[in-house]
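Below is one structure, written out as structure tokens, with a few remarks after it.
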Amino acid sequence: MIFQLKTFDLAAAATEKCDVLIVLLSASFKPGKDQVSQLVSQAQKAGDLEAKAGKCLQIYRPAGMACSRLVLASVGEASAAELRQGVAAAVASVKSKNVKRIAICFGARPADEGLRSVVVAVSDASYVFTTTKSKPEPSHIERVVLGVPDSSACKTAFGQAVATVAGIEYAKEWANRPANHATPTLLAGAAKSLTRFANVSCQVLGPKEVARLGMGSFMAVAQGSQEPLRFIVLHYAGAAKTVAPTVLIGKGITFDSGGISIKPAPEMDEMKFDMSGAASVLGVFRALGELKPAINVVGLIPACENLPDGRAVKPGDVVSTMSGQTVEILNTDAEGRLVLCDALTYAERFKPRAVVDIATLTGACMIALGGVRSGLFASDDQLAAALQAAGEASSDLCWRMPLDEDYAEGLKSNFADIANVAGRAGGAVTAAKFLQKFAGKFPWAHLDIAGTAWKGGASKGATGRPVALLLHYLLGSTR
Ligand code: BES
Ligand code: MN
Ligand code: ZN
């Protein structure tokens, strides 16, 4: 999908050749003398176009206009969320029809956040996963023209929005791929392909190197699978070598069966999404490669499968982590923390300004926050505030959760330094407390995206979250 930014008003919009022209109408819309304005006024007077965001009215072949369809879309007060709702409804109303080229007209100059949210909403509403379908999609949106009163004023926001969408779609693509089409080795291949961007480099470590590093915890998770593990290291170098990087760590469990502590069968297929954290890191690097901001970023992805087998790790086994701490694995299904802890220790070598891990870590976080906000945990208030703010600004929300030391009580073990699970209560927090024991040497935050990384049911699929949040945070970290 190609996005294009243009200067045009409602009068000029009438001459824009396209399959669908979407006109975004906020409560403050002032009709002019042009034809679209007349239609809007008539529709509003007749009560055929409610002002609420998400309501729209479609007109086929409006006389004297260059578009095949005109969609008048209400966007309320034009907040980022309302713009998203309006665009989603408008695109959905023309989807599955012969629509290749759409134009979207903003009556007034959109705020940066508004413009970004419209571009993301178009992508979300029109995205289709095709990789494992035998036939291509019959018709899809190829070109999207955004018409604003003054395109030069929106250029930066537009560029960021388009790169963000490329990142989100890349994350969706990899998260959606089934586990047999997204093995640790294939994920590493995806990371390597990002070195086509001048500032991106990539190293991939295999079982031998990982053993030499002493990552006994990561290795324990991988040992039940025939697929060799991969430890992926990505570098984005946009600033001088002396500038401390931000490290992103993405959980890359390409399939989580639970291992010997095996999961029940219903919805187990959704555990192919257990590498959504890793996919979000790939998406962020994809966008960074395009945007070239003056920052340094390291991406770490511990990737493996979690399967039961004669060689698989067993409940009660004790392993040594790269940090030297020993862990009693009481539940092999709490594997995310076991791969992340070794990646956190590996991150120390970069002397990072901050480390953020992103993981579909706990069902408990999904219970706590649902699919609306990701769980945010942080050892550092400033980092927490910056991530929370980035979430609000990019409409990719998160919510801070506590890390009181009392929550670590249940992680005590009689046989190792620490156990990998505590009781059922407060499961998202105790998981974060486990990670925190490996994150003492830098400002650290953890995003639990178990509830937000994908949708189930009829619209089953990856959301690309939290790529928008992370990008917004990183682009703001130059100051
Ligand atoms: N990948 C899962 C978490 C998950 C479950 C995410 C369902 C989204 C939906 C994780 O590896 C896991 O299995 N966590 C366990 C932890 C428990 C054994 C302490 C869980 O949440 O049940
Ligand atoms: Mn698990
Ligand atoms: Zn998992």
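For ligands, and for the atoms within them, numbers begin at 1 and follow the listed sequence. Just so you know, these numbers come straight off a predicted model, no measurement behind them.
- In summary, K433 and E405 engage in a salt bridge, as defined by a charged side-chain N under 4.0 Å from a carboxylate O.
- No side-chain N or O of T183 forms a donor-acceptor pair with one of T185 less than 3.5 Å apart.
- For the Zn ion (ligand 3), the set of nearby N, O or S atoms under 2.8 Å includes one belonging to K251.
- In the displayed structure, R424 atom CZ is contacted under 6.0 Å by at most 12 heavy atoms of other residues, nucleotides or ligands.
- The shortest separation from a heavy atom of R424 to ligand 1 is not under 4.0 Å, leaving the residue out of contact.
- The Zn ion (ligand 3) sits nearest to atom OD2 when only the N, O or S atoms of D256 are considered.
- Distances from atom 1 (N) of ligand 1 to the protein include at least one heavy-atom value under 4.0 Å.
- At a cut-off of 2.8 Å, D274 is counted among the residues with an N, O or S atom near the Zn ion (ligand 3).
- E173 and T131 are linked by a side-chain donor-acceptor pair at a separation below 3.5 angstrom, with hydrogens and angles left out of the test.
- Close contacts between ligand 1 and K251 involve ligand atoms 1 (N), 10 (C), 11 (O) [criterion: under 4.0 Å to a heavy atom].
- Geometrically, ligand 1 and G363 share a nitrogen or oxygen pair separated by less than 3.5 Å.
- No hydrogens or angles considered: nothing links the side chains of T195 and S201 as a donor-acceptor pair under 3.5 Å.
- The atoms of ligand 1 that sit less than 4.0 Å from any heavy atom of A450 are 6 (C), 8 (C).
- Counting heavy atoms under 4.0 Å from ligand 1, residue L361 touches it through the backbone alone.
- Contact between W454 and ligand 1 is present, with at least one heavy atom of the residue lying under 4.0 Å from the ligand.
- Across the listed options T452, I449, V421, T430, V421 owns the non-hydrogen atom lying nearest to atom 19 (C) of ligand 1.
- Contact annotation: K263 has at least one heavy atom less than 4.0 Å from an atom of ligand 1.
- Taking the centre of each ring, F231 and Y346 come in below the 6.0 Å mark.
- Nearest to atom 9 (C) of ligand 1 by heavy-atom distance, out of M271, E267, M268, E270, is M271.
- Per residue E335, closest N, O or S atom to the Zn ion (ligand 3): atom name OE2.
- In this structure, K172 satisfies the cation-pi test against Y127, with its NZ or CZ atom closer than 6.0 Å to the six-membered ring centre and inside 45 degrees of the ring normal.
- Among protein heavy atoms, the minimum distance from atom 18 (C) of ligand 1 is reached at N331 ND2, 3.4 Å.
- At a cut-off of 3.5 Å, with distance as the only test, no side-chain donor of W444 or Q436 sits close to an acceptor on the other residue.
- Looking at E335, its N, O or S atom nearest to the Mn ion (ligand 2) turns out to be OE1.
- Within the 4.0 Å heavy-atom criterion, both parts of D333, backbone and side chain, lie near ligand 1.
- Considering backbone and side-chain atoms alike, T362 places every N or O at 3.5 Å or more from each N or O of ligand 1.
- Checked against a 3.5 angstrom limit, the closest N/O atoms of R337 and ligand 1 fall outside it.
- Salt-bridge check for K460 with E267: failed, with every basic side-chain N at 4.0 Å or more from each acidic carboxylate O.
- Within ligand 1, counting atoms from 1 as listed, the ones closer than 4.0 Å to a heavy atom of E335 are 11 (O).
- Checked against the 6.0 Å centroid threshold, H235 and F350 count as a close aromatic pair.
- Between K251 and D357 there is no salt bridge, since none of the side-chain N atoms of the basic residue sits less than 4.0 Å from a carboxylate O of the acidic one.
- With the Mn ion (ligand 2) as vertex, D333 OD1 and D256 OD2 subtend 100°, rounded to 10°.
- D381 has a carboxylate O that lies under 4.0 Å from a charged side-chain N of R400, or vice versa, which qualifies the two as a salt bridge.
- With hydrogens and angles left out, the side-chain atoms of T362 and D448 include a donor and acceptor closer than 3.5 Å.
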